[in-house]
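Notes for the one structure printed next.
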2 protein chains.
Amino acid sequence: MEQKIMDFVDTFIEGAGEMGSGLGLNRSVAQLYALLYLSNTPLSLDDMANHLKISKGNVSMNIRILESWNAVRKVWVKGSRKDYYEADLDILKIIVTRLKEGLNRRMSQALSLLQNAEQTIAENNQNGNTKDKEQFKVFQERIDRIKKIHSMTTALLTTISPEKFLMGNL
Amino acid sequence: MEQKIMDFVDTFIEGAGEMGSGLGLNRSVAQLYALLYLSNTPLSLDDMANHLKISKGNVSMNIRILESWNAVRKVWVKGSRKDYYEADLDILKIIVTRLKEGLNRRMSQALSLLQNAEQTIAENNQNGNTKDKEQFKVFQERIDRIKKIHSMTTALLTTISPEKFLMGNL
DNA sequence: CGTTTCGTTCAAATTGTTTTGAACGTTCTG
DNA sequence: CAGAACGTTCAAAACAATTTGAACGAAACG
């Protein structure tokens, strides 16, 4: 294999490292995925550790993060007792799924907070003085905005849910 | 103002801190925005530092990050020589704008990388052996997928561009 | 069996990010 | 003009996240 091409692979992987850190994933996770994404064949933990020059423990931990996202899967290779992995190539699916999960997790937290707030605001609004009432109204309004954003975002993510999205699979 | 309500404000802000760290913003940035988001009136640097119990330097640096995103703006308060800030309430606009910027920045990097790769692949594809040719084809295919994702995502973000988005402003 | 090959775990080390606070320049104020 | 009130800066400190590698257990091997 030509040197230039191997360089490309390395540059791609390096780029993926920075890229990934852009939103929420660490270097190793991003690079592991990039390596598998470009690879023709499934790779073993040792293959990956060697190629990326990172420790075996690191690969073991981070590959299982990718597995938990269904971004990679274990495949069985005849005649070897190592674990081999390959990438799920549908990047968009992976991203949308993760966004949905994240949104729900964060929002269920936030929404119960808002629930309490509204409760308290309603109670206080009965007998507060004028100035307090104004403040309550502001809170109420801002909270409503957030709720609206939540429902919009949820709707949006469902709309672009991979199953339904443009022209079948990528 | 009732204790319960002040508790709500604090809990909200605290929540925002964790929330924000979920994707790419640090605690102070998230909390500054949350504080201004709930506030009736513009706040000075000292107000913010006091309320959030963080240093003045911290506020100064991080408020200007928010400013650079147009998430907050400086307002002039008659009779004071402090700087006061208020939040832009259109959270969705802020998010979409930032996503667009981020996507473009990262992608222009990635795309030039892909450009080079394709160049090299094309050259090599002329005279490689069979096995190499297969590998080239794989690279080419995977690169094309990424390009496709890029154009889809760009299109999507444009579609939900706030100006055009559902029912006017939030 | 005893040995080797794997993957996993986790405490310690490394690396990266955020925060602080003292020092500073500028502008206002009396 | 001297002093106070502001916002900014940046090196150092505190804190958080990632990575390493040695230790371990389980399974395969001979």
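Naming convention: chains lettered A, B, ... in sequence-line order (proteins, then strands); numbering from 1 in each chain. No hydrogens, no waters, no symmetry mates; every other heavy atom, side chains included, goes into these values.
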Quiz item: How far does CD of B/E18 sit from CZ of B/R27, to the nearest 0.5 angstrom?
Solution: 9.5 Å
Quiz item: For residues 53-74 of chain A, which residues have at least one heavy atom under 4.0 Å from DNA chain C?
Solution: A/K56, A/G57, A/S60, A/M61, A/R64
Quiz prompt | Test salt bridge (Lys or Arg N to Asp or Glu O under 4.0 Å) applied to B/E118 - qualifying residues, sequence neighbours left out | solution = B/K147
Quiz item: In whole angstrom, what separates A/N50's CG from C/dC6's P?
Solution: 12 Å
Quiz item: ring-ring contact (aromatic ring centres under 6.0 Å, His included) with A/Y33: which residues, sequence neighbours excluded?
Solution: A/Y37
Exercise. Apply ring-ring contact (aromatic ring centres under 6.0 Å, His included) to A/F8 and list each qualifying residue two or more places apart in sequence or on a separate chain.
Key: A/F12, B/F139
Quiz item: A/S44 side chain N/O closer than 4.0 Å to the phosphate oxygens (OP1, OP2) of C/dC6?
Solution: no
Quiz item: Taking the nucleotide of DNA chain D with the closest heavy atom to each, which residue, B/Y85 or A/R27, is nearer the 5' end?
Solution: B/Y85
Quiz item: How long is the line joining CG of A/L52 and C1' of D/dT19, in whole Å?
Solution: 13 Å
Practice problem: Check for a donor-acceptor pair, side chain of B/S39 on one end and backbone N or O of B/L35 on the other, with a separation under 3.5 Å. | Solution: no
Practice problem: Return the minimal non-hydrogen interatomic distance between B/K100 and B/L157, and the atom names on each side. | Solution: CE-O, 3.6 Å
Exercise. Supply the atom-to-atom distance B/T41 OG1 to B/E86 CD, rounded to the nearest 0.5 angstrom.
Key: 9.5 Å
Self-check item: Where protein sits on nucleotides 24-30 of chain C, one letter per nucleotide: B base, S sugar-phosphate only, - none, heavy atoms under 4.0 Å
Solution: ---BSS-
Exercise. Before accepting this row, confirm whether a basic side-chain N of the pair A/E141/A/R145 lies closer than 4.0 Å to the acidic partner's carboxylate O.
Key: yes
Exercise. Measure the angle between the two terminal helix axes of the helix from C/dC1-D/dG30 to C/dG30-D/dC1, five base pairs each, and quote it to 10°.
Key: 10°
Quiz item: Is there side-chain contact between A/T11 and B/N116, with heavy atoms separated by less than 4.5 Å?
Solution: no
Quiz item: A/L25 versus A/R98: any side-chain heavy-atom pair under 4.5 Å?
Solution: yes
Self-check item: Separation of atom NZ in A/K82 from atom C1' in C/dG7, rounded to whole Å
Solution: 11 Å
Quiz prompt | Separation of D/dA5 P from B/D83 CG (nearest whole Å) | solution = 17 Å
Quiz item: Do the side-chain N or O atoms of B/N26 get closer than 4.0 angstrom to the phosphate oxygens (OP1, OP2) of C/dT17?
Solution: no
Quiz item: Got a sec: does the CD of A/E67 have more than 12 other heavy atoms crowding it under 6.0 Å?
Solution: yes
Exercise. Mind calculating the distance between CG (A/L45) and P (D/dT19) to the nearest angstrom?
Key: 16 Å
Quiz item: To the nearest Å, how far apart are A/W76 CH2 and D/dA28 C1'?
Solution: 13 Å
